[in-house]
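Encoded as structure tokens, the structure appears first; notes follow it.
Counting convention: from 1, in listed order, for ligands and their atoms alike. The figures here come from the full heavy-atom set of this structure, side chains too, leaving out hydrogens, waters and symmetry mates.
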Amino acid sequence: MAYLASPSATLEIIKKYDFAFQKKFGQNFLIDANIVSSIVEAADITKDDVVLEIGPGIGTMTQYLCESAKQVIAVEIDKMLIPILSETLADYDNVEVINKDVLKLDLEEIANKYNEGKPIKVVANLPYYITTPIVMELLSGKTSIDSITIMVQKEVAERMQANPGTKDYGALSLAVSYYATAKVMLTVAANCFMPRPNVDSSVIKLTAHNESPVDVVDDKEMFKIIRASFNQRRKTLVNGLKNSADLSYSKEEIVDAINAIGKDERIRGEKLSLEEFAMLTNALINNRG
Ligand code: SAM
């Protein structure tokens, strides 16, 4: 099978199978061989690696991944693509295609089944309509993941790397910095895809931390606090936490905890760093005893 990473090879397959692009699945296929090899290079894949590819499409990047990795697991939601992938990946015996929604995938089971429980690498040109849920799911399954190299909207890559106090800073920035180190590897123009998306894209690599960068007694509680702080961005931190249905702290407990970490009670959540959210969580939990 010839490589698919060109407009002509992609069109040939699309026509042969009378395939109709599904907007609801975020289908924008890569048609540029240089970009595909740069993504695989950025992911630093070797013959020791088990790779999970989310959304292989017609198998354009999967072909390159199969040549670099020990084993590729490609999870694709669209059943119309499964017969196409059987043809385009027929030359490779180290790939397994799973017809499933990636959000329903058990990452630990994949790591156990294919990599003796050792962390796997994730590589994907992500469907943009569910980037954040997928990234949050992958990050919180941290013990099963070594690194995540993904194409996302340029704005989402900026949110992932944003600093406290900036307009892009939010729960996603904090989740990324808690679990991983983020680095933008390349930016990709819309004409590298078929059909062209309306946005610019970036490839970002998230490398999982070996050790947590902050000490927090309960990280699930910290993320509830973080979400509550950003749900009502215009409100003060006290009001955001007090009004959250997921939390049960009184105004007095919240003010005490904010003061205990040396902050003014009128502060907004968007000003706090990851370390300060960890300290705030510890103060709220410890004050309760
Ligand atoms: N990897 C291919 C490429 O680069 O040419 C396709 C990328 S396209 C942006 C996103 C792919 O993810 C599509 O094939 C789409 O059907 C698939 N997809 C969308 N939602 C999914 C989900 N929840 N689980 C698994 N795959 C999904």
Side-chain angles (χ1 to χ4, degrees), residues 1-14 17 19-43 45 51-69 72-89 92 95-107 110 121-138 141 148-154 156-157 185-186 188-204:
M1 178 77 209
Y3 290 114
L4 297 159
S6 73
S8 55
T10 301
L11 271 178
E12 199 180 311
I13 284 287
I14 299 295
Y17 285 85
F19 176 77
F21 288 96
Q22 297 287 325
K23 217 173 173 186
K24 68 170 181 198
F25 290 142
Q27 289 174 345
N28 301 95
F29 297 164
L30 278 165
I31 50 168
D32 185 311
N34 287 331
I35 298 293
V36 177
S37 12
S38 301
I39 298 172
V40 176
E41 211 168 286
I45 307 292
V51 174
L52 168 67
E53 186 188 9
I54 300 165
I58 57 172
T60 310
M61 190 156 65
T62 327
Q63 294 180 324
Y64 286 64
L65 290 170
C66 288
E67 283 172 12
S68 303
V72 179
I73 319 300
V75 183
E76 174 55 61
I77 198 169
D78 186 354
K79 66 176 189 314
M80 304 307 281
L81 289 166
I82 306 305
I84 302 183
L85 289 164
S86 300
E87 178 184 335
T88 59
L89 302 176
Y92 303 102
V95 59
E96 179 145 350
V97 175
I98 302 175
N99 184 200
K100 201 170 183 172
D101 178 349
V102 69
L103 292 175
K104 299 201 174 114
L105 195 72
D106 184 337
L107 287 172
I110 296 283
K121 291 184 175 169
V122 176
V123 183
N125 169 16
L126 282 184
Y128 292 167
Y129 75 107
I130 45 164
T131 302
T132 303
I134 293 178
V135 172
M136 291 303 241
E137 189 63 32
L138 293 172
I148 305 170
T149 306
I150 43 176
M151 176 99 69
V152 296
Q153 273 184 51
K154 199 163 164 251
V156 176
M185 308 300 284
L186 57 146
V188 182
N191 62 7
C192 298
F193 302 85
M194 184 187 293
R196 288 181 187 203
N198 297 326
V199 291
D200 288 331
S201 304
S202 296
V203 174
I204 191 163

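- Residue-level proximity to ligand 1 for A124 is absent, since no heavy atom of it falls below 4.0 angstrom.
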| Trace of the side-chain contact (heavy atoms from CB on, under 4.5 Å) decision for V97 with T62 | CA-CA 10 Å; V97 175; T62 327; over 6 Å; no

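- Between the OG1 atom in T149 and the CE atom in M185 there is a gap of 7.0 Å [rounded to 0.5 Å].
- Remark: ligand 1 and L30 share an N or O pair separated by less than 3.5 Å (distance only, no angle test).
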| task | Under the side-chain hydrogen bond (donor to acceptor under 3.5 Å, both in side chains) rule, what do Q27 and D78 come out as? Steps first, then yes or no, please. | result | CA-CA 10 Å; Q27 289 174 345; D78 186 354; 2.9 Å; yes

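- For the pair L30 and F193, the minimum side-chain heavy-atom distance is below 4.5 Å.
- Protein heavy atom in closest approach to atom 4 (O) of ligand 1: N125 ND2, 2.8 Å.
- With a 4.0 Å cut-off on non-hydrogen atoms, L81 touches ligand 1 through its side chain and not its backbone.
- If you check which protein heavy atom lies closest to atom 8 (S) of ligand 1, you get G26 O, 3.5 Å.
- Taking only non-hydrogen atoms, the option from E76, M61, E53, K24 nearest to atom 16 (O) of ligand 1 is E76.
- An N or O contact shorter than 3.5 Å links Y129 to ligand 1 by distance.
- When only interatomic distances are considered, the shortest N/O to N/O separation between I54 and ligand 1 does not fall below 3.5 Å.
- A side-chain contact (heavy atoms from CB on, under 4.5 Å) with V135 is found for exactly one of V156, I204, I150, V122, namely I150.
- Within 6.0 Å of the CD atom in E67, the count of heavy atoms belonging to other residues, nucleotides or ligands exceeds 12.
- Counting heavy atoms closer than 4.0 Å to ligand 1, residue L103 contributes nothing at all.
- For ligand 1, one of its N or O atoms has an N or O atom of G55 under 3.5 Å away.
- In terms of protein heavy-atom proximity, atom 19 (C) of ligand 1 is closest to F25 O, 3.1 Å.
- Contact check for L85 versus V95: no side-chain heavy atoms found under the 4.5 Å cut-off.
- Scanning the protein for heavy atoms near atom 26 (N) of ligand 1, the closest one is I77 N, 3.3 Å.
- The shortest contact between atom 2 (C) of ligand 1 and any protein heavy atom is with P56 O, 3.3 Å.
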| task | Could you walk me through whether F21 and M194 pass the side-chain contact (heavy atoms from CB on, under 4.5 Å) test, one step at a time? | result | CA-CA 9 Å; F21 288 96; M194 184 187 293; 4.2 Å; yes

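- Looking only at protein heavy atoms, the nearest one to atom 24 (N) of ligand 1 is V102 N, 2.9 Å.
- Counting the atoms of ligand 1 from 1 in the order shown, those under 4.0 Å from a heavy atom of I130 are 23 (N).
- When only interatomic distances are considered, the shortest N/O to N/O separation between D101 and ligand 1 falls below 3.5 Å.
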